[in-house]
There are 2 protein chains.
Amino acid sequence: MQDSRSGCPISLTLEVLGDRWSLIVIRDIMFGNRRHFRELLGQSQERIASNVLADRLKRLVAVGLLSRRDDPTHRQKAVYSLTEPAIQLVPLLAQMGAWGRRHRPVTPELSIRAELLEQGGPVLWEAFMAELRSVHLGTPSPARSVLAELRAAYDAAVTGAEYNRTSSTTALTGVGRPVKTGPSPSAS
Amino acid sequence: MQDSRSGCPISLTLEVLGDRWSLIVIRDIMFGNRRHFRELLGQSQERIASNVLADRLKRLVAVGLLSRRDDPTHRQKAVYSLTEPAIQLVPLLAQMGAWGRRHRPVTPELSIRAELLEQGGPVLWEAFMAELRSVHLGTPSPARSVLAELRAAYDAAVTGAEYNRTSSTTALTGVGRPVKTGPSPSAS
DNA sequence: TGCAACCGCTTGCAATTTGCAATCGGTTGT
DNA sequence: ACAACCGATTGCAAATTGCAAGCGGTTGCA
């Protein structure tokens with residue numbers, strides 16, 4: 001985490017994102033829609049330490065990947081939002097997920113987002129980015145959620161049901177119930 | 001750099017690549033064709049420390065992203081090669097470069113690779129990966145270098161000359177002369 | 001045969017960063 | 001009044017990084 005020693009795009013990107021936690025934080029805000037300190041602290045699989053989280057939030061705000069504003073409904077709450085540059089990390093995160101899915105010992109249920117993003121390709125990435133813009137930048141919502149359609153189509157194509165179909169964004173944002181992978185165990 | 005705390009593809013990828021140096025090393029092997037310890041040590045912009053380089057090489061070999069073999073021409077020389085998983089990082093590196101180019105203060109001449117990779121898209125990535133396979137895995141060479149054609153076409157399209165057109169791979173691998181961006185200064 | 005240059009890599013050490021647990025002062029809902 | 005919760009901070013130990021020097025061995029050349 002120090003200053004630039006090269007004008008190389010990869011090196012400069014690494015300077016901002018090249019640590020264990022920054023992209024985890026962005027992932028949780030982006031896909032998990034976690035907007036508050038304590039949500040980010042407690043509800044992710046990886047259990048980031050609070051001082052490290054505080055430091056990363058500060059740094060990510062400083063470099064312009066996140067913005068911080070006060071929560072109007074709670075005087076001492078802070079809300080963290082993605083900025084446009086962070087939203088444009090979607091393709092990068094999609095590639096990371098795709099690579100990890102192929103080459104690392106991933107858990108199937110935690111791979112759903114990556115799989116979806118990979119299947120959907122750039123078209124779905126753009127749709128997702130549009131939704132992120134509306135959530136995080138207050139951009140007027142897209143006329144209708146392309147994401148929902150792609151999601152439903154993919155659901156239908158890949159399996160005759162199997163997991164909960166709540167709202168279209170649920171699987172990507174992870175705000176809904178955990179995914180069910182099988183029928184009720186009572187009917188043995 | 002420790003063990004897995006989540007089966008999430010992004011998190012698991014970060015566990016392997018989420019540090020300041022690993023991707024720099026891979027970048028230099030991949031694009032700069034630096035295959036020996038001392039080449040990696042001395043010839044990159046970022047000046048990695050030798051103990052850190054030794055550690056990263058060890059780790060990258062351990063996780064299967066690099067392979068190490070003795071150099072037949074020099075008894076005590078080691079040659080590092082990309083493995084297939086590392087070669088499949090090309091799309092990820094392309095996205096990193098593309099993002100950095102847009103959102104970080106890059107140097108124009110160091111952005112050429114990123115620009116090329118971005119312009120060429122997945123088709124060029126595949127061509128490049130095929131070339132990497134032939135160099136690093138000993139795969140029979142592609143019938144002819146698609147890369148060369150795309151490069152030449154892009155050269156012609158984007159500018160009426162302006163930089164040296166040596167071999168097709170030169171600009172990507174960086175093994176040739178540094179890129180010239182203007183006419184000879186003698187004709188003022 | 002001598003010798004300087006080079007080979008991958010290690011060592012010692014200081015500085016920085018991380019992980020962990022406890023806790024801060026303030027706010028909120030009941 | 002009070003417990004639960006808010007975004008952070010503190011102190012401290014452990015791990016990682018950066019820096020400089022140097023290791024034992026190999027190579028090419030005079």
Side-chain angles (χ1 to χ4, degrees), chain A residues 1-6 11 14-26 28-29 32-63 66-81, chain B residues 1-6 11 14-26 28-29 32-63 66-81:
Chain A
M1 320 297 192
Q2 63 189 53
D3 65 331
S4 158
R5 279 163 309 189
S6 161
S11 180
L14 246 18
E15 233 164 72
V16 172
L17 302 172
D19 73 283
R20 167 77 90 254
W21 292 112
S22 295
L23 277 177
I24 294 287
V25 171
I26 289 171
D28 284 347
I29 297 177
N33 200 41
R34 313 210 200 287
R35 311 293 295 273
H36 305 294
F37 190 94
R38 270 178 144 85
E39 286 177 340
L40 289 161
L41 190 60
Q43 297 174 25
S44 79
Q45 300 270 338
E46 289 88 4
R47 318 237 102 239
I48 187 172
S50 67
N51 55 349
V52 176
L53 176 58
D55 178 75
R56 288 304 179 280
L57 289 171
K58 209 172 292 180
R59 255 178 21 96
L60 289 170
V61 169
V63 298
L66 297 180
S67 66
R68 196 202 117 116
R69 60 173 217 279
D70 296 337
D71 188 326
T73 75
H74 191 301
R75 184 142 12 178
Q76 74 181 143
K77 239 174 186 166
V79 182
Y80 292 94
S81 301
Chain B
M1 322 295 192
Q2 63 191 54
D3 66 331
S4 158
R5 280 162 309 189
S6 161
S11 179
L14 245 18
E15 232 163 72
V16 171
L17 303 172
D19 73 283
R20 167 77 89 253
W21 293 112
S22 295
L23 276 177
I24 294 287
V25 171
I26 289 172
D28 284 347
I29 298 177
N33 199 39
R34 314 210 199 286
R35 312 293 294 274
H36 305 294
F37 190 93
R38 270 177 143 86
E39 286 177 339
L40 288 162
L41 189 60
Q43 297 173 26
S44 79
Q45 299 271 337
E46 289 88 4
R47 317 236 102 241
I48 187 171
S50 65
N51 54 348
V52 176
L53 176 59
D55 178 76
R56 288 304 178 281
L57 289 170
K58 208 173 293 178
R59 255 179 20 98
L60 289 170
V61 169
V63 299
L66 297 180
S67 67
R68 196 201 116 115
R69 60 172 218 279
D70 295 337
D71 187 328
T73 75
H74 192 301
R75 187 156 350 198
Q76 74 182 142
K77 240 175 188 167
V79 182
Y80 292 93
S81 301

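In the text below, chain A, chain B and the rest are named by the order of the sequence lines, each starting its count at 1. Remember, it's a predicted structure, so these values are computed and weren't measured experimentally.
- In this structure, A/Leu53 places its CG atom 14 Å from C1' of C/dC20, rounding to the nearest Å.
- Shown here are the side-chain hydrogen bond (donor to acceptor under 3.5 Å, both in side chains) partners of B/Asn51, two or more places apart in sequence or in another chain: there are none.
- Between A/Trp21 and C/dG19, a side-chain N or O to OP1/OP2 separation shorter than 4.0 Å is present.
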- Query: What do the steps show when you test B/Ile48 against B/Ile24 for side-chain contact (heavy atoms from CB on, under 4.5 Å), and what is the final call?
  - Reply: CA-CA 9 Å; B/Ile48 187 171; B/Ile24 294 287; over 6 Å; no

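- One interatomic measurement links the two molecules: CD1 of A/Ile48 to P of C/dT18, which rounds to 10 Å at whole-angstrom precision.
- Comparing A/Asn51 and B/Val52 by the nucleotide of DNA chain D whose heavy atom lies nearest to each, the residue mapping closer to the 5' end is A/Asn51.
- The residue among A/Ala49 and A/Thr73 whose nearest nucleotide of DNA chain C is located toward the 5' end is A/Ala49.
- Whole-Å rounding puts the B/Arg34 CZ to C/dC7 C1' distance at 18 Å.
- What separates CD1 of A/Ile24 from C1' of C/dT18 is a distance of 15 Å, to the nearest Å.
- A/Ala78 pairs by the side-chain contact (heavy atoms from CB on, under 4.5 Å) definition with A/Arg68, A/Tyr80, not counting sequence neighbours.
- Qualifying side-chain contact (heavy atoms from CB on, under 4.5 Å) partners for B/Arg47, counting only residues two or more places apart in sequence or in other chains: none.
- For B/Gln76, the side-chain contact (heavy atoms from CB on, under 4.5 Å) partners at least two apart in sequence or on another chain are B/His74.
- In terms of phosphate contacts, B/Arg56 brings a side-chain nitrogen or oxygen within less than 4.0 Å of OP1 or OP2 of D/dT17.
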- With sugar-phosphate taken as primed atoms, P, OP1 and OP2 and all else as base, the protein-contact string of nucleotides 2-8 of chain D at under 4.0 Å (heavy atoms; B, S, -) is ----BBB

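- Every residue was checked against the side-chain hydrogen bond (donor to acceptor under 3.5 Å, both in side chains) condition with A/Asp70, not counting sequence neighbours, and none meets it.
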